[in-house]
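Quick notes on the structure that follows.
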Amino acid sequence: MSARFVTGKRAHVEDVGERPSSSYGSWNTIKRRPKRGRPYVTSLTFAFALTAIMTALVLVVVLAIVWEPQFMAYTRQNMQGLADSTADAISEAYAEAGEMNEEVAAVAGSASAVSSEIVVQVTTTDGEVLYDDTWARRTTQGVTGTGIDGDSRAPAPVSATVPTSEDATVSATITAPGGEAVGTVRLWALGSEALLTKADSAFRTNSYGAIATAAAIAALLACVIGFFVSRAISRPIQRITSTAKQIRNGDLTARSKVTGTDEVGQLGETFDDMAGTIERDLKLEHRLTGDVAHELRTPLMAMQATVEAMQDGVLPADDEHLEVVATEVRRLSRLIDAMLKLSRLENGATELKAERTDLVYLVKSLVSSQHQLFHEKGLHLRFVDETPHHELYADVDPDLLREAIVNLMSNAMRYTNADGWVKVSLRQDHSDVLIAVQDTGIGIAKEDIPQTFARFWRSDVSRERVSGGLGVGLAITKEIVDRHNGTILVESELGRGTTFTLRIPLRVARQQDR
């Protein structure tokens, strides 16, 4: 089964913030009883409740600013309408009677019947009170007195006190048939300075009470909803935290198993991927230590055995055996040089000298120079130019790019059986150039492809072969491509071959220089 893997800056970019430098540092395992602050569930529940309370407060403020004046205007309008209708009725009675007297003013009793809390008063233009419904209320309530001669009779009527505030009363003019004012009707609410009856006041109070009750219920519901929502959110976060503690304390196999399409689910999946990467990298680090030791020990042991044999007289100290030592020294030197080159590329110490380069000429000349070497190995090497004009210019570092391509060709030659094919192709894809090195070699297992660019890494299949490689060529190739802001695509199938494809931008190399 074939597999694909892409590596490079544009394939996977991580934003790493700058860390303040300091000469002091410390590390410790997580405490068994870490200092605990306010739980997330409590904070979110409190936030929900506070939101509900603030919403209710905003509603109260809006009612006080908007609804209260509207309600007061509504009650005043009702009072004014009652006063106008009473004045019209008295005006009609005046037209029939021809004079303004107490009988005519008594027509105002119809307004008094509307509500016992509404006071109606009728006065003449001279200010004489002709009707005040409080008189009738006193008589109805059975209030009597004694006259001068001892006769029992109703006391002299006493008019109700008219409120002094203009907003507390409404009035309407009583007119004669000719339009002349002959009196005034005044209305106000008994015991109120705002034209509000007890029913109106009760309605207003009950309205605010209903809002307060709704706010309390909303706050309670918000607390319940906030509790369950926050607990549903905090559970996966707690699992991730617990898994992080396990990993930090050495259990690299721990996973949170938090999945989902929301942000928390994506966090859990990303965290588990990170944990898997850390576990794999640590295993590779341990494997790298053994591989480095093996790579260094092989030439050193060969040199040591040869030198000791010559010292003991078992082997003569002639040019042949000295050449064996020199060969191993050169191999060891190449390995150290490759490691230094890789380190400089990773640290940015190697300057990227980008220049306008014809990539068709560069790749074609490389294939031509390597053709004889491949022929000696019994391999077929060919170059395929897929560019439309047989030339393709890009801003690259020709020396570094040439080294990257040579590493891929050497890798293909090393793992391809005799009479196999190695094809190097070049084509343009929009604003990128694609350089592919394809072989018919042993291939790479699917699970091994992500480790292809690790130092000294070789698959289990390739370890059975005597490759003679240094084990850092592909790692250097990856760093070179990264410096050009490019990517590497790996496609491979066991027993069928491998294809490495370099994708490099045509005109961005200069901007990516470190």
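The structure displayed is predicted, hence computed values, not measured ones.
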Give, for atom CZ of F500 and atom CD of E491, the distance between the pair rounded to the nearest 0.5 Å.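 Going from the CZ atom of F500 to the CD atom of E491 covers 11.0 Å.
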
What distance do L381 atom CG and H371 atom NE2 have between them, rounded to the nearest 0.5 Å?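 Nearest 0.5 Å value for the CG-NE2 distance: 6.0 Å.
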
Would you check if the side chain of [X] reaches a backbone N or O of [Y] as a donor-acceptor pair within less than 3.5 Å?
{"X": "D358", "Y": "L392", "result": "yes"}
{"X": "D397", "Y": "K353", "result": "yes"}
{"X": "T357", "Y": "E355", "result": "yes"}
{"X": "T440", "Y": "W421", "result": "yes"}
{"X": "T306", "Y": "M303", "result": "no"}
{"X": "Q428", "Y": "H430", "result": "yes"}

Are more than 12 heavy atoms from other residues, nucleotides or ligands located less than 6.0 Å from atom [atom1] of [X]?
{"X": "M301", "atom1": "CE", "result": "no"}
{"X": "H375", "atom1": "NE2", "result": "no"}
{"X": "E323", "atom1": "CD", "result": "yes"}
{"X": "R496", "atom1": "CZ", "result": "no"}
{"X": "D319", "atom1": "CG", "result": "no"}

If we only count heavy atoms from C-beta on, is the [X] to [Y] side-chain gap below 4.5 Å?
{"X": "F271", "Y": "T243", "answer": "yes"}
{"X": "I504", "Y": "L401", "answer": "yes"}
{"X": "K478", "Y": "D482", "answer": "yes"}
{"X": "L252", "Y": "I247", "answer": "yes"}

Reference residue L408; test side chain to side chain contact (heavy atoms under 4.5 Å, CB included); the match among T477, V422, V424: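 When T477, V422, V424 are each tested with L408, the side chain to side chain contact (heavy atoms under 4.5 Å, CB included) holds only for T477.
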
Minimum heavy-atom distance T499-A436, with the two atoms named: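 Heavy atoms only, the tightest pair is CG2-CB, 4.4 Å.
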
Might you point out which heavy atoms bring G441 and D439 nearest each other, and give the distance in Å?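 Taking G441 first and D439 second, the nearest heavy atoms are N-OD1, 2.9 Å.
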
Closer than 4.0 angstrom, basic N to acidic O: yes or no for D432 and R503?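 R503 and D432: salt-bridged.
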
Between K364 and D385 (salt bridge meaning N to carboxylate O under 4.0 Å), is one present in this structure?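 So K364 does not pair with D385 through a salt bridge.
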
